[in-house]
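Quick caveat: nothing in here was measured; it's all calculated off a predicted structure. Values below: every heavy atom of this structure, side chains too, minus hydrogens, waters and symmetry copies.
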Amino acid sequence: MSDATIWLGLIGMMVMTLLTRSGIVVWPGPIHLPPRLQRALRFAPMAAIAAVILPSLIWSPQGDVIGLLDPRPLSAFACLLGWWISRQMSVCLTAGIVVYALGMLAL
């Protein structure tokens with residue numbers, strides 16, 4: 001791949017990012033989303049975190065399937081339990097981190 005192709009790709013991505021992110025700023029009036037869409041967008045951060053973390057909970061870096069007593073699935077379960085009880089992301093993350101740290105210390 002030539003340097004010109006790489007630069008063209010980088011500039012193209014920069015322009016697309018600028019256009020998509022500045023669209024909200026330069027829009028002439030307030031944007032009103034339907035309540036159903038607003039409710040759905042509240043779950044976007046949790047869905048993104050799950051999409052990033054889930055593969056590491058199932059497979060190890062070597063490609064092996066992880067057992068249930070590994071600290072990673074236990075911490076994910078603690079995180080889900082903390083969120084289910086409190087509905088607060090801070091409790092969810094704290095529970096997951098504490099269980100993971102204790103699991104790593106136990107190994």
Under a single-linkage definition using a 4.5 Å side-chain heavy-atom cutoff for Ile, Leu, Val, Met, Phe, Trp and Tyr, are Trp83 and Leu93 assigned to the same hydrophobic cluster?
yes
Return yes when atom CZ of Arg87 has more than 12 non-hydrogen atoms of other residues, nucleotides or ligands closer than 6.0 Å, and no otherwise.
yes
Ignoring hydrogens, what is the shortest heavy-atom contact between Ala95 and Ala78? Give both atom names and the distance.
CB-O, 3.6 Å
Suppose the criterion is salt bridge (Lys or Arg N to Asp or Glu O under 4.0 Å): which pairs have a residue in residues 70-82, not counting sequence neighbours?
Asp70-Arg72
Of all the heavy-atom pairs spanning Leu41 and Pro45, show the shortest one and how long it is.
O-CD, 3.8 Å
Are Met13 and Trp7 in one and the same hydrophobic cluster, where Ile, Leu, Val, Met, Phe, Trp and Tyr link if side-chain heavy atoms are under 4.5 Å apart?
yes
Please round to the nearest 0.5 Å and tell me the distance separating atom SG of Cys79 and atom CG of Leu74.
13.0 Å
Are Leu10 and Leu18 joined in one hydrophobic group, where the rule is that I, L, V, M, F, W and Y side chains link up if heavy atoms are under 4.5 Å apart?
no
Checking Ile97, Val91, Val98 against Thr94 for side-chain contact (heavy atoms from CB on, under 4.5 Å), the one that qualifies is Val98
Are there more than 12 heavy atoms of other residues, nucleotides or ligands under 6.0 Å from atom CE of Met104?
no
What pair of heavy atoms forms the shortest contact from Gly96 to Ser75, and how long is it?
O-CB, 3.2 Å
